[in-house]
Amino acid sequence: MENLDLNRLPKHIAIIMDGNGRWAQEQGQDRLFGHYQGVVSVRKVVEAAAEIGIKYLTLYAFSTENWDRPVEEVTGLMTLFVETIAKEVPDLNKNNIQLQFIGDLSQLPPEARIALDQSTAQTAANTGLKLIIALSYSSRWEIVNAAQVLAKLVQVGDLNPEQINEKVFSENLTTKGIPDPELMIRTSGEYRISNFLLFQLAYSELYFTNTRWPDFRKPHLIEAILDYQSRERRFGKTSAQIVLDEENK
Ligand code: IPE
Ligand code: IPE
Ligand code: MG
């Protein structure tokens, strides 16, 4: 922790929490056991992110494609979400954490939607870490959705096609008002994006670790941030330009 440069922290970290199922199966347990242990990691990592001073943390909890998993796993996960979300609200409030959900929430069972709405409302006044949970989320869904909204605005004459720029487009994504993640972490040794924040990750630093999500803790988060801080972010420029920009700051 003392090696972290607090002046160069990512404002927004996004995490693909992967490897719960394998983690459980490797010890002869049911996949669902891994998801339950994954909640422990969520708690620890959220606390650590708040403590370090991260402003936004987005966690990929369930993708649109995950609806195609065996029905027992899907219902088990939904039950886990409902139980956990309600239970965590007092701790979120104690830590001044504001909760938000992104994704196609209309697909969720009613009891899950109620739990989500309640916890969002109950934490709305908090001013600390913004915790964004991607649930029933897929980035292509989000992008297509934004295209539809913009097309309708053009159709009724409220928008000219020329007015559609990157800013207008991103304001019609589910992450409206949230800065793009500077750092994206994926656990469990898979090297892919799996339909997560495709627009927003355009210039994010990507960090992959073999650690399975149920084993991921604060030291792993710090390691990822340290790795991020060791990189030069060039945004298409040359290294010499970046050095000069830094000097002129
Ligand atoms: C991530 O763990 C959690 C969800 C996708 C809900 P997985 O369930 O994908 O675990 P593995 O990748 O099969 O090990
Ligand atoms: C991505 O993990 C989605 C979440 C972590 C919620 P998956 O395990 O579903 O991704 P794939 O299928 O390996 O790409
Ligand atoms: Mg997986």
Side-chain angles (χ1 to χ4, degrees), residues 8-20 35 38 41-42 45-46 48-50 52 54-69 77 81 85 97-108 116 120 129-150 164-209 211-213 216 220-221 224-225 227-229 231 233-236:
R8 285 178 53 234
L9 286 176
K11 261 205 211 77
H12 182 180
I13 299 179
I15 307 182
I16 302 178
M17 309 182 289
D18 197 14
N20 296 351
H35 297 313
S41 301
V42 170
V45 167
V46 169
I52 292 167
I54 305 301
K55 300 279 183 267
Y56 300 86
L57 178 68
T58 300
L59 302 177
Y60 201 6
F62 193 86
S63 72
T64 310
E65 290 76 18
N66 289 148
W67 288 114
D68 294 332
R69 292 199 177 183
L77 275 166
F81 292 145
I85 290 161
I97 297 170
Q98 194 188 85
L99 193 59
Q100 183 186 333
F101 294 90
I102 58 169
D104 184 5
L105 305 178
S106 69
Q107 285 202 54
L108 294 169
L116 260 57
T120 307
L129 173 75
K130 214 169 155 71
L131 174 62
I132 302 131
I133 311 278
L135 209 54
S136 186
Y137 174 90
S138 101
S139 196
R140 287 187 174 177
W141 162 81
E142 168 181 57
I143 289 168
V144 168
N145 205 49
Q148 279 184 10
V149 170
L150 294 171
I164 302 174
N165 54 27
E166 289 184 14
K167 187 167 173 285
V168 169
F169 201 89
S170 63
E171 280 166 0
N172 284 280
L173 298 172
T174 60
T175 49
K176 176 182 187 313
I178 299 168
D180 289 342
E182 293 94 336
L183 172 62
M184 197 287 287
I185 300 170
R186 184 173 188 147
T187 59
S188 94
E190 304 299 344
Y191 299 85
R192 54 178 172 263
I193 306 291
S194 300
N195 219 344
F196 186 45
L197 303 176
L198 300 178
F199 191 91
Q200 300 88 335
L201 292 179
Y203 260 106
S204 306
E205 296 300 325
L206 306 182
Y207 179 86
F208 298 95
T209 170
T211 305
R212 308 263 194 242
W213 178 250
F216 197 90
H220 301 95
L221 180 68
I225 301 174
D227 192 281
Y228 162 82
Q229 291 187 333
R231 303 186 192 185
R233 306 187 73 205
R234 288 193 282 275
F235 300 100

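No hydrogens, no waters, no symmetry mates; every other heavy atom, side chains included, goes into these values. These figures come from a predicted structure and were not determined experimentally.
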Quick one: pull up NE2 in His220 and OG1 in Thr211 and give me the separation to the nearest 0.5 Å. 4.0 Å
Going by side-chain contact (heavy atoms from CB on, under 4.5 Å), name the residues that satisfy it together with Arg69, two or more places apart in sequence or in a different chain. Arg31, His35, Asn66, Glu73, Val74
Identify the heavy atoms of Thr174 and Gly103 that sit nearest to each other, and give their distance. CG2-N, 4.3 Å
Using side-chain heavy atoms (C-beta onward) and a distance below 4.5 Å, is Ile225 in contact with Ile13? yes
If you take all heavy atoms of Ile54 and Leu129, which pair is closest and at what distance? O-CD1, 3.1 Å
So, for Ile52 and Leu9, which heavy atoms are closest and what is the spacing to 0.1 Å? O-CD1, 3.3 Å
Minimum heavy-atom separation for Ala49 and Leu221, please, with both atom names. N-CD2, 4.0 Å
Only pairs at least two apart or in different chains count here, so list each salt bridge (Lys or Arg N to Asp or Glu O under 4.0 Å) that has a residue in residues 169-182. Lys167-Glu171
Hey, does the side chain of Arg186 reach the backbone of Arg192 with a donor-acceptor pair shorter than 3.5 angstrom? yes
Please report the C-alpha distance between Val46 and Leu59 in whole Å, then the side-chain angles of each, then the deciding distance to 0.1 Å, and finally whether the side chain to side chain contact (heavy atoms under 4.5 Å, CB included) criterion is met. CA-CA 10 Å; Val46 169; Leu59 302 177; 4.2 Å; yes
Students often mix this up, so state it plainly: with edges at 30° and 60°, are the rings of Trp141 and Tyr137 parallel, tilted or perpendicular? perpendicular
Quick one: do Leu198 and Glu142 satisfy side chain to side chain contact (heavy atoms under 4.5 Å, CB included)? Show the steps, please. CA-CA 9 Å; Leu198 300 178; Glu142 168 181 57; over 6 Å; no
OG1 of Thr175 to NE2 of His12: how many Å apart, nearest 0.5 Å? 8.0 Å
Parallel, tilted or perpendicular: rings of Tyr60 and Phe196 (30°, 60°): parallel
Answer yes or no: are there more than 12 heavy-atom neighbours, outside Arg140 itself, under 6.0 Å from its atom CZ? no
Side-chain donor or acceptor of Ser136 paired with backbone N/O of Asp104 under 3.5 Å: yes
Using atom types as modelled and distance alone, determine if a side-chain donor or acceptor of Glu205 lies under 3.5 Å from a backbone N or O of Tyr228. no
From CA spacing to verdict: side chain to side chain contact (heavy atoms under 4.5 Å, CB included), Gln100, Ile178: CA-CA 11 Å; Gln100 183 186 333; Ile178 299 168; 3.9 Å; yes
Do any N or O atoms from the side chain of Arg212 and from the backbone of Gly19 form a donor-acceptor pair under 3.5 angstrom? no
Out of curiosity, Lys130 NZ to Ile97 CD1, how far, rounded to the nearest 0.5 Å? 12.5 Å
Write down the atom of Ala224, the atom of Leu183, and the distance for their closest heavy-atom approach. O-CD2, 4.0 Å
dist Gln148:CD -> Asn172:CG (nearest 0.5 Å) comes out at 12.0 Å
Determine the interplanar angle of the Phe62 and Phe81 rings, folded into 0 to 90°, and report it as parallel if under 30°, tilted if 30 to 60°, perpendicular if over 60°. perpendicular
So, Thr209 side chain and Thr187 main chain: donor-acceptor pair closer than 3.5 Å or not? no
Ser138 side chain vs Asn195 backbone, donor-acceptor pair below 3.5 Å: no
In this structure, CZ of Phe101 is separated from CG of Leu116 (nearest 0.5 Å) by 4.0 Å
The reported gap from CE in Met184 to OG1 in Thr58 (rounded to nearest 0.5 angstrom) is 11.5 Å
Heavy-atom closest contact (Phe208 atom, Glu190 atom, distance): CD2-O, 3.3 Å
